[in-house]
Amino acid sequence: MRPAHVTILASLLLAASPPGLAATGDGAGALPAALAARAQSCAACHGPEAAAEMPIIGGQHAAYLYLQMRDYQSGNRADPRMAGAVDGLDRDQLIALARHFAADPWPANGAEPAGQSARQQARSAISAGECSQCHLGGFKGDSRVPRLAGQREDYLHATLLAFKHGGRSNSPAMADLMAGFSDEEIAAMAAYLAGYRDDASP
Amino acid sequence: MRPLPRALIAALALAAATTVAAAGETDSSAHYADLHNVTQDMLDRAGSNANAFLHTNANYRQTRFYPARQIDRRNVHELVPAWRFETAVDESFETTPLVVGDTLYLTTAFDHVYAIDAASGKEKWHYKHDMGLITTYCCGPNNRGVAAWHDRLFLGTLDAKLVALDAASGKVLWQTQIADPELGYSETMAPTVVDGKVLIGTNGGEYGVRGFVKAFDADSGKLLWTFHTVPEKGHTGVWATHDPTGRELGRDIAAEKALLKKNGGDFYKTLGGGVWQNPAVDRETGLVWFVVGNPSPDLYGDYRPGDNLYTNSLVAIDLDSGKYQCHFQFVPHDVWDLDSTSPPIITHTVNGDGKTVKAILHGSKTGYVYVNDASDCSLIRHSEPMVAQDGRWTQPTSDGVRMLPGANGGVEWSPMAVDESRHLVYAVNLHQPMTYRVNKQDYPHGRLWLGGAFKLVPGAEQWGNITAVDYATGKIAWKVKTEQPMIGGVLATAGDLLFTGEGNGWFRAYDSATGERLWQYQAKAGVNAPPVSYNVGGTQYVVVAAGGNTQLDYPRGKTLLAFKLGGRD
């Protein structure tokens, strides 16, 4: 689905949504009909057939997804497509959508483990940046800190570069941290994290 | 369950302690009374009770000194695994178990609690906290333990709740929201309970919180008082130009004053000042002693001109009212995250006039042990530096400067221990060079707020040490270098032993007089938690969590290890 369609659909859904829609349970089936339709439009871009630069959101942490959608609404994270996609949803609705996608299992991204050179460079950079302090062991994240392991490489690469060069402003600490890394190190980190395996060899 | 009369409990506890001291061993307490009911007398006398481990740091003075010696420096080489307990959580493991009667209470990352048979390691119950949607914490999803009082346990959670559990069943008795987790408040410390008050601080110095210590009613969960670690007025302090060791801080005081005049002092609302670890409680004076962490944002000082009181300080408040008594600041206007987290210890020592006075010991991330007078908070002395001080108080720049100690060292949250017969205090340290880059950042409403970035220096050697400091002189008595930076804490015992673990999986015992290594065990995961010891059924156990550490990325695990002398059942 093209972005323009998402925006239109979002507007239509907004008009159809009853006010004060309460958050619902974690299961995919628990969403009210209006939100279920909205979730389908999310999945159209973020699902298995998504473009390489689109992040995986199924299985991502609910708090992280909620806060990103909130930031798209406020413009704190700038992306016209996503601003349109979440336009008009209230906090409870955003949380319901976030919980809905968080309940999915994390899908395989098809990435191979990074080659030895990139792996070594990435590990050195990740150690220097103390990335696992926030993203935790196995880069699995928690709550408002996203899972990185097995995310799509193109998305990770673009995002880390956006932090470094000022394209993404809703996590100033990440921006400051990435400013200390070369573009080559960033590329290595993206490849390593996308192909991360718990039992990866040294 | 009804408490026994105070006098009876006191007499029983004294009798048990006397027996232990006379025999040089420990004895079963099970036949004395129902010691599952933790009375105030038991908590007060915990320092001489070898049959239990009732406080996170052993007693209200936080000496982490175990008073019996079935296991001593002559036989410690016979120490063997007694049992092991596997938790459900394979993440950072910084906890201190408590032992009450024959039950051990263990917490894990993400706020699970287990009750375990202290002699066999068998599970009695398992509580898993129902975590709220948003948690905000730095340095790992840690929990450092519960507090015990009467029939209940108290747990602080990552989503900034205080939970009271029935100690017999693990059922929730009440829970209350301490602060808003979305704004950066979280709990990883074990609470402290005294006179029916549950004392707890907060994390959040990396998120622009306004730190506090709060007291809650142990019966009802009602808030009794709040002490804010950052006062609305007076946080600018004395505009100190030097730290207490006499080193120039490199501040531009005129520029800071100009910023204060221009922007005002409203930043106190987001000035940080977390309290990460248990307070010490002086039962003679009724004072509560704790240390306060770094100001927010960590590196960008222009946002917060002045000394930023009471960040990076030792503070005393009144237990009954929560009112301020005195403070002493170790690092004014910190822009290096060299703050204070390791729990303070109450002891006695000689002051500059040769008089014996009550003193407070604190090991700081600066790599010094500070010795302060408990009568007025003033500094009596500081130790020799325990780690290298290359470039300390170099002002961070936008291009980056090297700092040592870096933001993870010398003494992190790791609790120290004392052996008062030797006037030695034991600390574990980190040596981890870092590059500091500063950048202007406005308050980001609950997001990580460092005002720049820390980065480890790639390829630079890192190491740690265990240091024994003579707190009567400040001199280092002995020091053992370790291959990795140290985090986790220590336990000293009357058996002339010091126990501590390392990130590489080694759990080791040292001669506490000399630092000689006497015993070791490979845990196959980082041993980065404070050890404890207790006696059940006539057997002394030493117990420690082995599950690694998020902050230093040491190998994770999920095991609690218990040791006893070989051949004892």
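Chain identifiers are assigned alphabetically (A, B, ...) following the order of the sequence lines, protein sequences preceding nucleic acid strands; residue numbering begins at 1 within each chain.
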Please classify the contact of A:N76 with chain B as side chain, backbone, both or neither, using a heavy-atom distance under 4.5 Å.
side chain
The interface call for A:A102 against chain B, heavy-atom contacts under 4.5 Å, is neither
Can you name the closest pair of heavy atoms from B:Q551 and A:E130 and give their distance?
O-OE2, 4.0 Å
Main-chain N/O of A:N170 paired to B:R447 side chain as donor or acceptor, under 3.5 Å:
yes
Which atoms of A:Y66 come close to chain B, meaning under 4.5 Å heavy atom to heavy atom: side chain ones, backbone ones, both, or neither?
side chain
Give the member of A:A128, A:A63, A:S124 that has the highest number of heavy-atom pairs under 4.5 Å with chain B.
A:A128
Any chance you could measure A:D176, atom CG, to B:Q441, atom CD, to the nearest 0.5 Å?
4.5 Å
Part of B:E182 within contact of chain A (heavy atom distance under 4.5 Å):
both
Would you confirm whether A:S143, through its side chain, and B:L133, through its main-chain N or O, come within 3.5 Å as a donor-acceptor pair?
yes
Are any of the side-chain heavy atoms of B:I134 and A:L67 separated by less than 4.5 Å?
yes
Toward chain A, the part of B:M131 with a non-hydrogen atom under 4.5 Å:
neither
Validation row: A:R144, B:T136 side chains within 4.5 angstrom (heavy atoms):
yes
Cut-off 4.5 Å, heavy atoms of chain A, and the answer for B:N408 is side chain
For the CZ atom of B:F454 and the CG atom of A:L177, what is their distance to the nearest 0.5 Å?
11.0 Å
Test your reading of the model: is there a side-chain donor-acceptor pair from B:E91 to the backbone of A:G137, 3.5 Å cut-off?
yes
Sort B:R556 into side chain, backbone, both or neither according to what part of it lies under 4.5 angstrom from a heavy atom of chain A.
side chain
